[in-house]
Each structure stands twice: as C-alpha cells, then as structure tokens.
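In what follows, a structure is listed as structure tokens, so that the remarks can point back to it.
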Amino acid sequence: QVQLVESGGGLVQAGGSLRLSCAASGRTFSSYAMGWFRQAPGKEREFVAAISRSGGRTRYADSVKGRFTSSRDNAKNTVYLQMNSLKPEDTAVYYCAADLTYGLGTTSGNYDYWGQGTQVTVSS
C-alpha cells in the first residue's frame, strides 16, 4: 500500500508560479516512479508529468513542457511539481500517482495509487 497526500494548490494569477508537493508513505519511496495528472471540470484526467525512481528521468505533456518541472527528494519521500508561467487553462485538480511497475507512463492505467488531489486555479 502507498498513501499519497498532495499540497500546495491555490489561486494564482496568470503568469505566476506554484509548487505542488506530494508526500508518500507506506512503501520504500525510491522503489517506484511517480506521475502527475490533472482534471479540469467536464474534462477527462490528463497526464502532466512523470519522474523515474531516482529522479534522473522525467517526461512531460507538450502543454506544460518548458513551464513545469517535476523533481523528487527520496530522503523526504516527496515529489514536487514546480509550475511556472501558469495559464488559465492550467486550472484543474492536480493529482500525484505512484507507478509500481512501468515508470514514466502517460496513462492513468499505468498507476497504482493516487492522492486525493489539490485544486489549482489560475485567474486571467
């Protein structure tokens, strides 16, 4: 079992920045990859970013590439999503997820455990 708790969401103006955190517990954190997804009202959940077990490899959706950066601190059992140059279309509930098998997956089916989500709202 893996428990995930996101934090750091909030309201920000367009062009601003936020850093999301996801604290993990339950299994050795460095043994699984992590991902970030988001879901806007009326839309399907979509892939945002993924990071490998060591943090040495990352993958991003085209819509956030160059603006968002994922990192992890295995000593703190935490993964981060730094979001810069935010746009109103980034408004969504953001979820972190644990991938015990594949690594750097872009589909929600690759992930085994999910956090409860944190709201990010970007005003224009």
Side-chain angles (χ1 to χ4, degrees):
Q1 289 282 351
V2 174
Q3 293 80 43
L4 303 171
V5 179
E6 300 98 336
S7 61
L11 173 64
V12 64
Q13 288 188 333
S17 298
L18 281 175
R19 188 177 81 156
L20 305 183
S21 300
C22 172
S25 62
R27 290 184 63 158
T28 302
F29 185 61
S30 60
S31 69
Y32 50 90
M34 294 292 295
W36 290 93
F37 287 75
R38 66 187 182 186
Q39 188 166 18
K43 294 187 177 181
E44 293 187 353
R45 190 171 297 189
E46 65 174 359
F47 169 75
V48 175
I51 187 166
S52 63
R53 293 171 176 81
S54 68
R57 293 182 298 150
T58 54
R59 190 172 185 179
Y60 299 96
D62 287 342
S63 58
V64 307
K65 203 171 293 182
R67 300 188 298 122
F68 290 12
T69 302
S70 185
S71 61
R72 64 190 294 165
D73 185 338
N74 286 346
K76 295 183 177 180
N77 293 348
T78 302
V79 63
Y80 305 97
L81 185 67
Q82 178 66 44
M83 305 185 296
N84 299 328
S85 302
L86 283 161
K87 304 175 182 180
E89 51 263 43
D90 294 318
T91 295
V93 177
Y94 283 71
Y95 300 89
C96 65
D99 172 5
L100 273 60
T101 306
Y102 298 98
L104 299 180
T106 62
T107 60
S108 57
N110 291 142
Y111 293 82
D112 304 285
Y113 297 96
W114 293 81
Q116 83 289 350
T118 186
Q119 176 71 47
V120 171
T121 303
V122 184
S123 63
S124 58

Just how far is it from atom CG of L104 to atom CD1 of I51, taken to the nearest 0.5 Å?
8.5 Å
Say whether, by atom type as modelled, one donor and one acceptor occur between the side chain of E6 and the main chain of C96 under 3.5 angstrom.
yes
Can you give each donor-acceptor pair under 3.5 Å made by side-chain atoms of residues 10-27, sequence neighbours left out, with the distance rounded to 0.1 Å?
unit_1	atom_1	unit_2	atom_2	d
S17	OG	N84	OD1	2.9
S25	OG	Q3	OE1	3.3

One should read off an interatomic distance between T121 OG1 and L86 CG, to the nearest 0.5 angstrom, of 10.5 Å
Applying the ring pair (Phe, Tyr, Trp, His ring centres under 6.0 Å) criterion to F37, which one of Y94, Y111, Y95 satisfies it?
Y111
Short side-chain to backbone donor-acceptor contact, T28 and S30, under 3.5 Å
no
Considering residues at least two apart in sequence or located in another chain, which fulfil the salt bridge (Lys or Arg N to Asp or Glu O under 4.0 Å) criterion with D99?
none
Minimum heavy-atom distance A92-A40, with the two atoms named:
CB-N, 3.8 Å
Can you get from F68 to V122 by hopping between Ile, Leu, Val, Met, Phe, Trp and Tyr side chains that sit under 4.5 Å apart?
yes
Go through the steps for Q116 and L4 under the test side chain to side chain contact (heavy atoms under 4.5 Å, CB included), then give the verdict.
CA-CA 8 Å; Q116 83 289 350; L4 303 171; over 6 Å; no
Would F29 end up clustered with L100 when hydrophobic side chains under 4.5 Å apart are linked, directly or stepwise?
yes
Once rounded to the nearest 0.5 Å, what's the spacing between atom CZ of R67 and atom CD of Q82?
12.0 Å
Check step by step if side chain to side chain contact (heavy atoms under 4.5 Å, CB included) holds for M34 and R53.
CA-CA 7 Å; M34 294 292 295; R53 293 171 176 81; over 6 Å; no
To the nearest 0.5 Å, what is the distance between OG1 on T101 and CG on N110?
9.0 Å
Take V48 and Y60 through the side chain to side chain contact (heavy atoms under 4.5 Å, CB included) test and state the conclusion after the steps.
CA-CA 6 Å; V48 175; Y60 299 96; 5.9 Å; no
What's the separation between atom OG in S71 and atom CG in L81, rounded to the nearest 0.5 Å?
8.5 Å
Evaluate the criterion side chain to side chain contact (heavy atoms under 4.5 Å, CB included) for residue pair V79 and W36; output intermediate values, then yes/no.
CA-CA 9 Å; V79 63; W36 290 93; 3.9 Å; yes
Rounded to the nearest 0.5 Å, what's the gap from CE on M83 to CZ on R38? Could you check?
9.0 Å
Taking the six-membered ring of Y80 as reference, does the cationic atom of R72 (NZ for Lys, CZ for Arg) lie under 6.0 Å from its centre and within 45° of its axis?
no
F47 and V120: same hydrophobic cluster, using ILVMFWY side-chain contacts below 4.5 Å?
no
Y102 atom OH, over 12 foreign heavy atoms within 6.0 Å
no
When you check the gap from the basic side-chain N to the acidic O, do D62 and K65 get nearer than 4.0 Å?
yes
Does R57 offer a backbone N or O that forms a donor-acceptor pair with the side chain of S52 under 3.5 Å?
yes
